[in-house]
Amino acid sequence: LRRFLIHPYLPFALIVDDLEPLDSNVAHNKKMWVVRWEHPDEDDKLIPFFPYIKSIIKPVLKTFIVIEIQLSPDGRWLVIHDQSDWRNSDSFVAIPVEPDNPKYFGTPKLLGKSFFNSKETSTAWIADPLCFVACYGGSLYKWELDRLLNSSDSDEGEIDENNE
């Protein structure tokens, strides 16, 4: 078990686990799960979660390398620090939390790419307007998440980029 994150007010949690042992020389593939403890079907209380199935940003990826997952302070967004596509560098992906969706998540939105050494990353949240901030040494990135909800979804399933 790598990460365990409980939503602040909805009846679900996220789990990220390693498919390879930490001491192996193999890249650490991750698998993410959604635990829905109030779901009526026992077999569907634990479901796999791979956000790129709904998008065109990384549809051919066979691995999922998650550095970090965070829920926004208000619980409306999940942000993933992703290193799955190492050729295109790290990226942050924001996924809206949808309380009326049985799987709880909407279409992923690409916040940005071209980040540097992920070991030197620090992140923070701004409350009003809701923003996600990442710092990489001399670079500071800020994304206004609520602006993503108001953007047009003309290309169904496409991840929108929102660099500022």
Side-chain angles (χ1 to χ4, degrees), residues 1-10 12-35 48-59 61-99 104-151 158-164:
L1 182 65
R2 174 62 81 187
R3 302 275 184 260
F4 182 68
L5 185 62
I6 299 173
H7 193 276
Y9 58 86
L10 293 172
F12 78 90
L14 291 151
I15 297 173
V16 178
D17 65 5
D18 285 329
L19 298 179
E20 303 292 338
L22 287 174
D23 57 355
S24 73
N25 291 328
V26 179
H28 300 293
N29 283 342
K30 311 286 195 249
K31 182 116 182 174
M32 191 161 7
W33 304 86
V34 178
V35 182
F49 180 57
F50 186 71
Y52 304 135
I53 290 172
K54 296 172 135 183
S55 66
I56 64 170
I57 183 176
K58 301 177 181 186
L61 288 179
K62 303 275 189 259
T63 61
F64 191 41
I65 302 172
V66 178
I67 303 298
E68 182 64 52
I69 59 173
Q70 297 182 41
L71 284 166
S72 62
D74 62 5
R76 294 185 304 128
W77 289 92
L78 171 68
V79 174
I80 299 172
H81 183 176
D82 180 17
Q83 202 175 46
S84 300
D85 192 359
W86 55 270
R87 293 166 297 187
N88 290 323
S89 75
D90 289 11
S91 59
F92 279 109
V93 176
I95 306 165
V97 174
E98 298 178 345
Y104 290 112
F105 296 104
T107 302
K109 309 281 187 180
L110 177 65
L111 295 181
K113 295 190 226 181
S114 70
F115 300 111
F116 305 105
N117 187 346
S118 62
K119 293 179 182 173
E120 298 175 5
T121 305
S122 60
T123 61
W125 291 92
I126 298 172
D128 191 16
L130 183 65
C131 297
F132 181 75
V133 180
C135 179
Y136 290 87
S139 300
L140 185 65
Y141 298 86
K142 176 184 147 230
W143 300 282
E144 188 175 327
L145 297 184
D146 290 338
R147 200 171 85 191
L148 291 174
L149 292 176
N150 299 328
S151 66
E158 185 172 338
I159 290 188
D160 301 320
E161 191 161 354
N162 178 21
N163 263 333
E164 186 172 305

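- When side chains are defined from C-beta on, Trp125 counts as touching Ser72, because their heavy atoms get closer than 4.5 Å.
- Contact between Ile15 and Phe4 at its shortest, heavy atoms only, is CG1-CD1, 3.5 Å.
- Remark: Glu68 engages Arg3, Gln70, His81 in a side chain to side chain contact (heavy atoms under 4.5 Å, CB included) (not counting sequence neighbours).
- Among residues two or more places apart in sequence or in another chain, the ring-ring contact (aromatic ring centres under 6.0 Å, His included) test is passed with Tyr104 by Phe12.
- Residues Tyr9 and Asp74 approach most closely at CE2-O, 3.2 Å, considering heavy atoms.
- At a threshold of 4.5 Å between non-hydrogen side-chain atoms, the residues Leu145 and Pro96 do not count as touching.
- With a 4.5 Å cut-off on side-chain heavy atoms, Val79 and Trp143 do not count as touching.
- In this structure, the separation between CG on Asp82 and CZ on Phe92 is 10.0 Å, given to the nearest 0.5 Å.
- With contacts defined as side-chain heavy-atom distances shorter than 4.5 Å, the pair Val97/Leu71 qualifies.
- The distance from the CD1 atom of Ile95 to the CG atom of Leu148 is 12.0 Å, given to the nearest 0.5 Å.
- When all heavy atoms are compared, the tightest approach of Pro8 to Gly75 is CG-CA, 4.0 Å.
- Residues Glu98 and Phe105 share a closest heavy-atom pair of OE1-O, 3.8 Å.
- Residues meeting the side chain to side chain contact (heavy atoms under 4.5 Å, CB included) test with Pro129, sequence neighbours left out: Cys131, Glu144.
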